[in-house]
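Reviewing the structure listed below.
Sequence lines set the chain letters: A, B, ... in the order given, protein chains first and strands last, and positions in each chain run from 1.
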Amino acid sequence: MSEDALFEIEDVPDANPSAEQVSELTDFEKAQTEAIELTTKINEAADAYYERDESIISDAEYDMAMRRLEEIEKTYPVLQGQDSPTLSVGGRAAATFEKVPHLERMMSLDNVFSEEQFLSWAEKTERDAGAAIEYLCELKIDGLAINLRYENGTLTGATTRGDGVVGEDVTANVLTIQGIPHRLAGSGFPELMEVRGEIYIPTAEFEELNKRLLEAKEKTFSNPRNSASGSLRQIDPAKTAARPLRLLVHGIGAWNEVPVANQSEVYALLESWGLPTSKYFKVLSSASSVADFISEMGAQRHSIDHEIDGIVIKVDDLAIQKKLGATSRAPRWAIAYKYPPEQVNTKLVDIKVSVGRTGRATPFAIVEPVQVAGSVVEYATLHNQDVVKAKGVLIGDTIVIRKAGDVIPEILGPVLELRNGTEYSFVMPEECPECGSKLAPASEEDIDLRCPNTKGCPAQVRGRVEHIGSRGGLEIEGLGESTAEALTNPIPPIQPALLTEAGLFDLTLEGIFPLEVWNYSDIRIREIKLDKDTKEPLRELPFRRIRKIGKKVVMDPPFDPEAEVFDGDEQYILSKGAFELIAELEKAKTKPFWRMLVSLNIRHVGPVAARALANHFGSIEALDEASAEELAAVEGVGQIIAESVKTWLSVDWHREIVDRWKAAGVQLFVPGHPGPGAAVSSDGPCSGLIIVATGSLEGFTRDGAQEAIIAAGGKPASSVSKNTNYVAAGPGAGSKLTKAEELGIPVLDAEGFRKLLEGGPAAVSS
DNA sequence: CACCCTCGAGTTCA
DNA sequence: CTCGAGGGTG
């Protein structure tokens, strides 16, 4: 159950008491709110139905919600997220497919992103193989992996990849796909074999399909991959049959005694039996010719009849494949070369400036929403004014966007041919967009402009409060982005509950009513301008209240979460959020001292430096009395951090934070600490070991793993290097695991990790 | 003083 | 995840 479900979702056109300046909600915003509501409703109903076998709404109601959502998404395609229920037709239909284990695990592939990385993989592989290698190169089709099971030449089952061990049975649908033989041609088939392939929709057919859907006034698909996925998961096989799905096979799973020696010969054999193989594969005998193949195909990737996102390179010789074996999740005898992330054109609508918790003013781009590599992008950071200049973009330009690291949108530059003269350049504002203070560089050489109003700037206070609640800080549930905003919101006539973080632990239920929580996108583009004449703040952009955690009520304490309260003619039910926040704040008061240090928002003091300081000094008083030199003597703390701490402590309003927190009962010391200088010894089974935890380790949360390493006397690190002693990797581990394997560092699973923590290196040395 | 590890800070979207 | 910069080491 999501947190949001605790709150009422409201459609309040004007949540701001100073109503005049606020424009009406746009149609788009109304549609967005409705789409969110519908999606929640549909998903909850589908979950109940498929997971727990119960109906919480009638079929008719469900259909109506689905139809309305489709309608909205048709009007505003941007609102159709990747996981929109309208994409998986029949709600969460997937859940109705039977789970079937694969006979042989369906592995994924490790990735390389440059020629250099590929060459070093090839070098290592040749070394490990102890022989020259013939490489089989093939296109990496952007589709859905499928496992086909043939028994004595007859197709007896088709399953999706699932988690690699167990897939979903989609046999009935696969049987309808053109070009997949139900019965193999020729003779000499094995008793039992698994064939791996990719289901996809050719680009041309995809466009055709979308055109047909459009004409039929049905909703269209955003890309061939989604479309193939949706088509394969139809409950009714007749619907699948109507879609232009294709198959290409590219591997084998379980198969006793393969009658040939090379993967390429396997393909030839499969083809002779009537299975579709790609005509693009090629066997090459040197890594450098493979590199050439990669760049050649990259240049013509869009002229191929289906979408590709890279090239797969395999060791052709099956005996060598066997010798090389596999890591926990991917074979060592194959690698995927991924082409650079998808690039998309869109329009640069505006450039605005946001201010973070440190006061840094960061320009960011607002772009016309577009789909890039899996999600809809609306914002992209521009780092600072020099970057804006360097990119050469003007407001109004058509620009090229891509996803860097597959997550963060990056603006590459303008499309100059599409300029029409109406574009204009961005000028860095002189003043803080939120508090109006004059922006200035922190030092001479500093490129970044900062808002000097550290104490009072609402943007900075909000950022700091949010940081206190964050995972690295005090981990206060219910104190995230929007709650921090609500607590510090300075829009008159509402006084913010907090002017600075000093009062955080003095908050009471009465104090936080009324507290309204605003949604994310509104915070991001928030901008307050002062009226020229009255100097009253104007709210330039409409705020939209989507939920509330409290409402001012006339009622005697103690408050009761379940109470219904009458305020004039209106009736409110108090939501749990406010009560939980107060309870969480109380719990936070006794969290570890290093978390307190992080929460003070001292520059350069993050979790690691804070731990070092907390260990050596044990209390805020000890830190206060110590000189900068004494601080800098601590390992991991240098002059800069030491001075930053001393400077922070010398500021009056910072001291006020410390004093008020203390007065409120916040524990600013390590209980039982022997005193300054006496570092708490870190004895344990893992003394002196540097351990990196990555991926999801069963039985540990991300931070839990770190804590466990420390508790065992080890040192947790965030990146893998040659100094690392062990890497504990769970499912979903990425580059760190790759790096560990490269460097030959022992890799442990959750089980091994637990043993290491209990018994030290001896326990896992075997 | 030049290098290599790490850490801190900022970042988007669901 | 990435970038820039702090801290430690040879």
**Asked** In chain order, what residues pass the side chain to side chain contact (heavy atoms under 4.5 Å, CB included) check against A:K347, with sequence neighbours excluded?
**Response** A:E368
**Asked** Mind checking what makes side chain to side chain contact (heavy atoms under 4.5 Å, CB included) contact with A:P429, not counting sequence neighbours?
**Response** A:V353, A:F426
**Complete:** In whole angstroms, the gap separating P of B:dT11 from CD of A:E410 amounts to 14 Å
**Prompt:** Mind checking what makes salt bridge (charged side-chain N to carboxylate O under 4.0 Å, His left out) contact with A:D386, not counting sequence neighbours?
**Reply:** none
**Prompt:** When the distance from CG of A:L597 to P of B:dG8 is rounded to whole Å, what number comes out?
**Reply:** 12 Å
**Message:** Nearest 0.5 angstrom please: A:I468 CD1 to A:M596 CE, how far?
**Reply:** 10.0 Å
**Nucleotide B:dT12, atom P - distance to NZ of A:K352 in whole Å** = 15 Å
For residues 628-640 of chain A, tabulate all N or O donor-acceptor pairs below 3.5 Å that involve a side-chain atom, not counting sequence neighbours.
unit_1 : atom_1 : unit_2 : atom_2 : d
A:E629 : OE1    : A:S627 : OG     : 3.4
A:E630 : OE1    : A:S627 : N      : 2.7
A:E630 : OE1    : A:S627 : OG     : 3.2
A:Q639 : NE2    : A:E643 : OE2    : 3.4

Just the atom pairs and distances: protein N or O near nucleotides 8-10 of chain C's N or O, under 3.5 Å.
unit_1 : atom_1 : unit_2 : atom_2 : d
C:dG8  : OP1    : A:G636 : N      : 2.4

**Request:** Report the distance from atom CD1 of A:I641 to atom P of C:dG7, rounded to the nearest whole Å.
**Result:** 4 Å
**Message:** Distance check needed: C:dG7 C1' versus A:Q639 CD, whole Å only.
**Reply:** 11 Å
**Request:** Check the distance between B:dG8's P and A:D448's CG and give it to me in whole angstrom.
**Result:** 19 Å
**Asked** What is the distance, rounded to the nearest whole Å, between atom CG of A:N601 and atom P of B:dA9?
**Response** 9 Å
**Request:** Enumerate the residue pairs fulfilling salt bridge (charged side-chain N to carboxylate O under 4.0 Å, His left out) with a member in residues 465-478 of chain A, sequence neighbours excluded, ordered by first and then second residue.
**Result:** A:R471-A:D703, A:E475-A:R595
**Item:** Atom-to-atom span, CG of A:L382 to P of C:dT2 - whole angstrom
**Value:** 19 Å
**Request:** Tell me whether the OP1 or OP2 atom of B:dA9 has a side-chain N or O from A:R357 closer than 4.0 Å.
**Result:** yes
**Fill in**
Nucleotide by nucleotide, nucleotides 2-7 of chain B touches protein heavy atoms under 4.0 Å in the pattern (B base, S sugar-phosphate only, - none) ---SSS
**Request:** Look at the aromatic rings of A:W648 and A:H654 and report parallel, tilted or perpendicular, splitting at 30° and 60°.
**Result:** parallel
**Message:** So, using side chain to side chain contact (heavy atoms under 4.5 Å, CB included) as the criterion, who are the partners of A:N725 when residues are at least two apart?
**Reply:** A:L689, A:I690
**Prompt:** Which residue pairs pass the salt bridge (charged side-chain N to carboxylate O under 4.0 Å, His left out) test with at least one member in residues 356-367 of chain A, sequence neighbours excluded?
**Reply:** A:R360-A:D448
